[in-house]
Amino acid sequence: MNKTFVLVFCLILYLLINSSLAHAAGNNPSNIYTVTSGDTLPAIANKYGTSIEELKGANGLLSDTLLVNQKLFVPIIYEVAAGDTLGMISAAYNSSVQSIKTTNGLSTNQLYLGQQLMIPPKRMTIQGQYILMTKEEFRNWLFHNQFNRKITLIQHHHTWLPSYKQFYGSNHFKLLKSMENFHIRERKWKNIAQNITTFPDGKIAVSRPFNSAPEGSIGIKANITGIAIENIGNFDIGHDVMTKEQKETIVEITALLCLRFGLTPSIDSITYHHWWDLKTGERVLDNAPEYNVKTCPGTGFFGGNSTTSAKNHFYPLVSRKMQEISAARQ
């Protein structure tokens, strides 16, 4: 039997079986599933006619473990309404025009009223333990996930090395792997130290699982309930000048983390590496000799690395972004 005929027949059969879903939900079916007690990835995949790997790829899952109230993007059946376009549908349902066309065997962008389409969620960019995202993807990922570790502190670091000179625009994963190797082999840590990495192009990588406390010289008090962010670059004055894209990303992800974990920007919730003694791991703020602390996240990081700089230049940006995000979500 012709393979194309078999594929088309199976798609039609699937649409017929599931057509009641679109009608039952009106013209606004939800493509977000909320995990309940007893749920498993195989069961959810079977329910929505997809695979475990597709679910993991669409939701940035690195294991099969699920937590109650976790949210997952799932494929849905959508019935085309007047005025719909593939661009509008893909934007509304975290998909892409090309994946909708491929899934439904469409050769053009033309749609007709009442047409039923299978809408697959788009896959995230994952390599090994690293998930590379845009700001928008990170926002969804952060608010869809549940975490089993208390988080009360956001740490900001800069890498110093690698700096902008080592970033070529497409070597995100290579830089992450090199940092992982250095942290494990040279520092003797269990994994890459940071939970998040930001890049000069504004991209974000979830690097170490959020449920795993960061490692590093900042000390156990800061790490035990901390989320560590490494910002690629050397932001000491006279070295890298932070790009607009990376600035926007750093402010936005800090704001998102504050909202997600119920934090108000202050020296007690957003900390700089510079404020922690290298020998004791104790917080010293601005009251330590320079040889006992690092300049990290840089003497040029949003106006400087002092508590005054953070209060005057960084925290206000984070607070404004929090207000913008909260208003947009209402």
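Quick caveat, the model's predicted, so the values are computed rather than measured. Quick note: numbers below take in every heavy atom, side chains included, and nothing from hydrogens, waters or symmetry partners. For reference, positions follow the sequence shown, starting with 1.
- For Asp201, the side-chain hydrogen bond (donor to acceptor under 3.5 Å, both in side chains) partners two or more places apart in sequence, or in a different chain, are His172.
- With sequence neighbours excluded, the residues satisfying salt bridge (charged side-chain N to carboxylate O under 4.0 Å, His left out) with Lys177 are Glu180.
- Taking CZ of Arg139 as the reference point, atom NZ of Lys135 lies at 9.0 Å (rounded to 0.5 Å).
- Using a 4.5 Å cut-off on side-chain heavy atoms (C-beta onward), His158 and Thr295 make contact.
- Judged by distance alone, the side chain of Asp240 and the main-chain N or O of Met242 form no donor-acceptor pair under 3.5 Å.
- If you run side-chain contact (heavy atoms from CB on, under 4.5 Å) between Thr197 and each of Asn231, Thr159, Leu176, only Leu176 comes through.
- Checking side-chain atoms of Asn223 against main-chain N and O of Ala213 turns up no donor-acceptor pair under 3.5 Å.
- Applying the ring pair (Phe, Tyr, Trp, His ring centres under 6.0 Å) test to every pair with at least one member in residues 201-238, sequence neighbours left out, gives these pairs: Trp141-Phe210, Phe147-Phe210, Tyr164-Phe235.
- Evaluation of the salt bridge (charged side-chain N to carboxylate O under 4.0 Å, His left out) rule for Arg260 yields no partner, not counting sequence neighbours.
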Next on the checklist: Let's go through Ile218 and Cys296 carefully: what are the C-alpha distance in whole Å and the side-chain angles of both, what is the deciding distance for side chain to side chain contact (heavy atoms under 4.5 Å, CB included) to 0.1 Å, and is it a yes or a no?
Outcome noted: CA-CA 10 Å; Ile218 200 167; Cys296 181; over 6 Å; no

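- Asp64 meets the salt bridge (charged side-chain N to carboxylate O under 4.0 Å, His left out) test with Lys56; sequence neighbours excluded.
- Judged by distance alone, with hydrogens and angles left aside, the side-chain atoms of Thr198 form no donor-acceptor pair with the main-chain N or O of Ile204 at under 3.5 Å.
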Next on the checklist: Using side chain to side chain donor-acceptor pair (under 3.5 Å), reason through Asn109 and Lys101 one step at a time and then give a plain yes or no.
Outcome noted: CA-CA 8 Å; Asn109 288 356; Lys101 291 175 70 174; 3.0 Å; yes

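- Listed by first and then second residue, the ring pair (Phe, Tyr, Trp, His ring centres under 6.0 Å) pairs that reach into residues 50-71 come to none, sequence neighbours excluded.
- Within 6.0 Å of the CD atom in Gln110, the count of heavy atoms belonging to other residues, nucleotides or ligands does not exceed 12.
- Annotation: salt bridge (Lys or Arg N to Asp or Glu O under 4.0 Å) contacts involving residues 262-273, sequence neighbours excluded, comprise Asp268-Arg283.
- Closest of all the heavy-atom pairs between Ile100 and Pro120 is CG1-CD, 4.2 Å.
- Side-chain N or O atoms of Asn59 include one that pairs as donor or acceptor with a backbone N or O of Phe73 at under 3.5 Å.
- Arg208 has a carboxylate O that lies under 4.0 Å from a charged side-chain N of Glu215, or vice versa, which qualifies the two as a salt bridge.
- Minimum interatomic distance between Asn31 and Ile76 (heavy atoms only, all atoms of both residues): CA-CG2, 3.5 Å.
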Checklist entry - Would Leu263 and Leu257 count as a side chain to side chain contact (heavy atoms under 4.5 Å, CB included) if you check the C-alpha gap in whole Å, the side-chain angles of each, and the deciding distance to 0.1 Å? => result CA-CA 8 Å; Leu263 307 178; Leu257 290 167; 6.0 Å; no

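- Judged by distance alone, with hydrogens and angles left aside, the side-chain atoms of Asn195 form a donor-acceptor pair with the main-chain N or O of Ser212 at under 3.5 Å.
- With sequence neighbours excluded, the residues that form a side-chain contact (heavy atoms from CB on, under 4.5 Å) with Ser51 are Glu53, Glu54.
- Side chain of Gln155 to main chain of Gly226: no donor-acceptor pair is present (N/O by atom type, distance under 3.5 Å, no hydrogens or angles).
- When the shell of 6.0 Å around CD1 of Ile224 is examined, it contains 12 or fewer heavy atoms from other residues, nucleotides or ligands.
- Legend: residues meeting side-chain contact (heavy atoms from CB on, under 4.5 Å) with His239, ordered by chain and number and at least two apart, are Asn234, Asp236.
- Taking both residues in full, the closest heavy atoms of Ser309 and Gly303 are given as OG-O, 3.2 Å, listed atom of the first, atom of the second, then distance.
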Next on the checklist: One pair to check against side chain to side chain donor-acceptor pair (under 3.5 Å): Asp286 and Ser306. What are the steps and the verdict?
Outcome noted: CA-CA 6 Å; Asp286 303 320; Ser306 68; 5.0 Å; no

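- Note: the hydrophobic cluster containing Leu142 does not contain Leu61 (ILVMFWY, side chain heavy atoms under 4.5 Å, direct or indirect links).
- Looking only at distances, a side-chain donor or acceptor of Gln166 sits under 3.5 Å from a matching main-chain atom of Ser163.
- At distances below 3.5 Å, not a single donor-acceptor pair connects side-chain atoms of Asn171 with backbone N or O atoms of Lys174.
- Following chains of ILVMFWY side-chain contacts shorter than 4.5 Å, one cannot reach Leu278 starting from Trp276, and the two form parts of different hydrophobic clusters.
- Of the possible polar contacts, one joining the Gln246 side chain to the Ile232 backbone as a donor-acceptor pair under 3.5 Å is found.
- By the neighbour-count criterion of 12 heavy atoms within 6.0 Å, atom NZ of Lys247 is sparsely surrounded, having that number or fewer from other residues, nucleotides or ligands.
- Evaluation of the salt bridge (charged side-chain N to carboxylate O under 4.0 Å, His left out) rule for Lys221 yields Glu282 as partners, not counting sequence neighbours.
- In the hydrophobic clustering of ILVMFWY residues, with side-chain heavy atoms under 4.5 Å counting as a link, Leu55 and Met124 come out apart.
- When the options Thr249, Val206, Ile131, Leu132 are evaluated for a side-chain contact (heavy atoms from CB on, under 4.5 Å) with Phe138, the one that passes is Val206.
- Panel note: side chain Asp84, backbone Ala81; a donor-acceptor pair is recorded below 3.5 Å.
- Transitive grouping of hydrophobic side chains (ILVMFWY, heavy atoms separated by less than 4.5 Å) brings Tyr93 and Leu106 into a common cluster.
- Asn104 and Gln116 share no side-chain donor-acceptor pair at under 3.5 Å.
- When every heavy atom of Gln70 is checked against every heavy atom of Thr65, the shortest pair comes out as OE1-O, 4.3 Å.
- Ion pair Lys321/Glu324 flagged as a salt bridge, since at least one NZ, NE, NH1 or NH2 atom sits closer than 4.0 Å to an Asp/Glu carboxylate oxygen.
- Other residues, nucleotides and ligands contribute over 12 non-hydrogen atoms within 6.0 Å of the CZ atom of Arg149.
- Residues Ile192 and Ser207 come closest through the heavy atom pair CG2-O, 3.5 Å.
- Looking at every heavy atom in both residues, Thr103 comes nearest to Ser99 through OG1-O, 2.7 Å.
- Note: Tyr272 and Phe314 have tilted aromatic rings, judged against thresholds of 30 and 60 degrees for the angle between ring planes.
- Evaluation of the side-chain contact (heavy atoms from CB on, under 4.5 Å) rule for Thr102 yields Gln98 as partners, not counting sequence neighbours.
- The side-chain contact (heavy atoms from CB on, under 4.5 Å) search around Glu290 returns His274, Val293, not counting sequence neighbours.
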Checklist entry - Run the side chain to side chain contact (heavy atoms under 4.5 Å, CB included) check on Leu66 and Thr40 step by step: do they pass? => result CA-CA 7 Å; Leu66 298 175; Thr40 64; 5.5 Å; no

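- Placement of Tyr130 and Ile126 in two distinct hydrophobic clusters is found when ILVMFWY residues are connected by side-chain heavy-atom separations under 4.5 Å, directly or transitively.
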Checklist entry - ring pair (Phe, Tyr, Trp, His ring centres under 6.0 Å) between Phe301 and His156: does it pass, once the steps are laid out? => result CA-CA 10 Å; Phe301 184 82; His156 271 290; 5.6 Å; yes

